[in-house]
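Structure first, then comments.
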Amino acid sequence: MTSLHANPLRDPQDRRLPRIAGPCGLVLFGVTGDLSRKKLMPAIYDLANRGLLPPGFSLVGFARRDWAHQDFTQIVHDAVKEYARTPFREEVWEQLNQGFRFVSGTFDDDTAFGRLRETVEELDESRGTSGNHAFYLSIPPSYFPDVVGQLKEHGLASPEGGNWRRVVIEKPFGHDLASARQLNAVVSEVFPPESVFRIDHYLGKETVQNILAFRFANAMFEPVWNSNYVDHVQITMAEDIGIGGRAGYYDGIGAARDVIQNHLLQLMALIAMEDPASFEARSLRLEKQKLLSAVTLPQRLDLHSARGQYAAGWQGGEKVIGYLDEADISNTSTTETYAALRLDIENRRWAGVPFYLRTGKRLGRRVTEVAVSFKRAPHLPFTSTATEELGQNALVMRIQPDEGVTLRFGAKVPGTAMELRDVNMDFAYGGAFVESSPEAYERLILDVLLGDPPLFPRHEEVELSWRILDPVVQYWAENGQPEPYASGSWGPDSATEMLARDGRTWRRP
Amino acid sequence: MRIDLTGTNASQVTSSLLQARRQAGSPSMGMVLTLVVVTDEAHHGEALRSAREVSTEHPARILGVIRGPARGKSRLDAEVTIGDGTSGETALLRLSGELTRHPVSVVTPLLLADSPVVVWWPNDAPDDPAGDPLGRLAQRRITDCANSRRRSTAMAGQAQHHTAGNTDLSWTRLTPWRALLAAGLDQHPVRVTSATVEAKTPNPSADLLAAWLGSRLEVPVETRRSGGPGITAARLHSSHGDISLDRPDGRLATFRIPGEADRPVALQRRSTAELLAEELRRLDNDDIYQQTVLAYARSQQPPAKGKRSTGTKTTGTKTTGKTTGKTTGKTTGKTTGKTTGTKTATKTRTGSTRRRRT
């Protein structure tokens, strides 16, 4: 009965049938955290509501709180009611509710992990989770050794007889190359590489996956996707908020480590990589790794990088305080909240095309986009006055919000004179498409349960990213205070100067 | 914004769409398809509401076509709407007089250039949608037998004239059921010996589920009548026990696998907009639906070996088109009425053609 016959009810042609994960459970460490409440629990509910979770799916919460089972259920209930994307349905809740368990304890408490094991075994019995469990570590990395060690100690990390155990970890994957390696050593000692799922929620976004579709499913963009036509590429992730309550995490980490190391370098890899042999995890990873290993830093970091720290000011009509005035931040902190960097790619396709990466908090507005700027036409058969307002052609992939693609090109201004001006051609994923398109976490959690790894960066990619970023962060650390910039602006002057040196300007996203 | 046009023509409708779009500040033009909704005065409100809801996921130009009275002077009235919470544009076209016989002439100039056309009949549909003049414009034709006035016979008509690109929402309604049953067999791979579907009949979805199970598993499938709502159970029988899905209340089902604890699973009935959205995700032919509906058509044919069948006579091979509407509709209507309450069993066997009704 365990032999795998082809299921007669399945057919590759039957594309309506969703992939439903086999019976399994998720053990969540750090249930009280923001991420758990705002993203993970709602995503689990949304998956159930869409009929994508296996019947019998179970969720075990593990935290230090002295909660009874009902308290945990209440927390999940509230989180789902408030943050879920799909409407609350009593019957979906009933389906999930019966699979909730809570284990109270600290990460070094042997008896708590003993209880966790009993709970998991009880679920295998009563809910039919069949020994398949994923452990989601939504906790600071400093606790990883404890938790992973405990999982191993109590036999929770090793699968038996065909079932699986997986571990899910969130960024940051270390804070430099050395710590990333150390972290990996801890996790890989217990879990084999194919059972480790590193979540970079950006890779779960529909629009990011669309980059691959856009590049490799179309004929018309690839011919110009190289240094013959592309002048430069700008990758921006701007946030309008400050650090909020994350002082403890953010201070000492900064924008570059928080965002560039993972999100922006992954975006860059997807934009610039060669076409993979297939869309299997291995092929994608190989291409991304090849690209990341061809990335070089500028010789003079002082000329081609910029960093800043937000100062008090007005952002979006509200008066806001500066970074150094935030609670729990030392007023001598040198942590940057804005980072910009030029990178080059040493390969045939991209040699000579700079990639400018920037990210920051308290900027003009919240936006993530990749803008590919093309070279000017080699010859313009117009008078110079006619083309005064003509810029460079650009192709912009808008990742969030307002997902879509913009093509910017010159057009004639109506009138008797020949005058040219830039216009936009827009593709939007529909006005409210965003609402019905799944959250990144839904896709990623489902992929973890299905054991489908293409969207999860492997350890090699993480190491390569740190290799790129480490010298920059180190250079900054040796060079004092970041330059303050007004909240609500588009960053420090040094960032503008950095592009001006190359004869370019930042696009206002 | 909304523009009303009376006594108009297609080119005025086109220019109103353009005008409305310009006045709304040229919102995005990323429409991906034209959805033609063929409806009537009684149902257009609800149908267009569902279509607009769908256009948030699939930005579309929605053309509602209402064929009014065929007598009187030829006339076209239109209501053009843009914005109002949708990402596409809507034009409601009221045809009357001789024009009701030439809806294609109104719709053709309004189709979006070079993008797919989908025709949806939310209620009554022609038995041969692909042969219908409007249906011929489309690459995808969506019917809904469960909402047809001829609920009990509509599916037979669709099955007989099935053409690549046709689907029925009765099939779409089954997706969660099929997904769970397939997942059940994934988890517990046994040799299924027979299957049972229980539903309040007539129920086109239940017929399709039985046909699907029969054709995929190559086992006899029994359809039992229950009190509803909709499909109440599906069971796969094997020597190890049943893989079953019971949904007595139309929302929460119990999923059973031999040797394992019962698991509740949410299986609520979905809204028309949700069904339509699923439909529009695929614009090519649904091969599995085709196999299923053809299996269903085979099971509908009168028994070959001289076995007597009652009731199904009129749904015979040749006489569909008009006769189904007139005769079968009525007779079945009545007979079902009479026999309600008694347990009726319909055996469907694929390959061999055996089916008894009433």
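In what follows, chains carry the letters A, B, and so on, assigned in the order in which the sequence lines appear, proteins first and then strands, with residues in each chain numbered from 1.
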Next item on the list: For each of A:Gln98, A:Arg16, A:Arg15, A:Gln13, tally heavy-atom pairs with chain B at distances under 4.5 Å, and name the one with the top tally.
Entry: A:Arg16
Margin query: I'd like to know if the side chain of A:Arg127 reaches the main chain of A:Glu122, judged simply by a donor and an acceptor atom lying under 3.5 Å from each other, with no hydrogens or angles considered.
Written below: no
Next item on the list: Identify the residues of residues 169-180 of chain B whose heavy atoms come closer than 4.5 Å to a heavy atom of chain A, ordered by number, or report 'none'.
Entry: B:Trp171, B:Thr172, B:Thr175, B:Arg178, B:Ala179, B:Leu180
Notebook entry, point to check: Can you tell which of A:Arg50, A:Glu91, A:Glu90, A:Glu125 has the highest number of heavy-atom pairs within less than 4.5 Å of chain B?
Noted result: A:Glu91
Margin query: Need one label for B:Asp284: side chain, backbone, both or neither, based on atoms under 4.5 Å from any heavy atom in chain A.
Written below: side chain
Check: Which atoms of B:Asp286 come close to chain A, meaning under 4.5 Å heavy atom to heavy atom: side chain ones, backbone ones, both, or neither?
Finding: side chain
Notebook entry, point to check: Using non-hydrogen atoms only, which part of B:Ile257 is less than 4.5 Å away from chain A: side chain, backbone, both, or neither?
Noted result: neither
Item checked: Basic-acidic side-chain contact under 4.0 Å: B:Asp186, A:Arg10 -> yes
Notebook entry, point to check: Where does A:Arg89 contact chain B at under 4.5 Å (heavy atoms): side chain, backbone, both or neither?
Noted result: side chain
Checklist line | chain B contact via A:Asn49 - side chain, backbone, both or neither, heavy atoms under 4.5 Å | finding: both
Check: Does any heavy atom of chain B fall under 4.5 Å from the side chain of A:Glu94, the backbone, both, or neither of them?
Finding: both
Next item on the list: Evaluate the salt bridge (charged side-chain N to carboxylate O under 4.0 Å, His left out) criterion for residues B:Glu53 and B:Arg49: first the C-alpha distance (whole Å), next the side-chain angles of each, then the deciding distance (0.1 Å), finally the verdict.
Entry: CA-CA 6 Å; B:Glu53 233 177 290; B:Arg49 206 171 311 122; over 6 Å; no
Notebook entry, point to check: Counting N and O atoms only, with roles assigned by atom type, does the side chain of A:Asn132 sit under 3.5 Å from a partner on the main chain of A:Pro23, one being a donor and the other an acceptor?
Noted result: yes
Next item on the list: Pick one of side chain, backbone, both or neither for B:Arg251, based on which atoms fall under 4.5 Å of a heavy atom in chain A.
Entry: both
Next item on the list: Please say which of A:Trp93, A:Phe88, A:Phe100, A:Phe57 ends up in a ring-ring contact (aromatic ring centres under 6.0 Å, His included) with A:Tyr45.
Entry: A:Phe88
Note to self: Using a 3.5 Å distance criterion without hydrogens, assess whether the side chain of B:Arg140 forms a donor-acceptor pair with backbone atoms of B:Gly165.
What the structure shows: yes
Notebook entry, point to check: Does B:Leu275 offer a backbone N or O that forms a donor-acceptor pair with the side chain of B:Arg270 under 3.5 Å?
Noted result: no
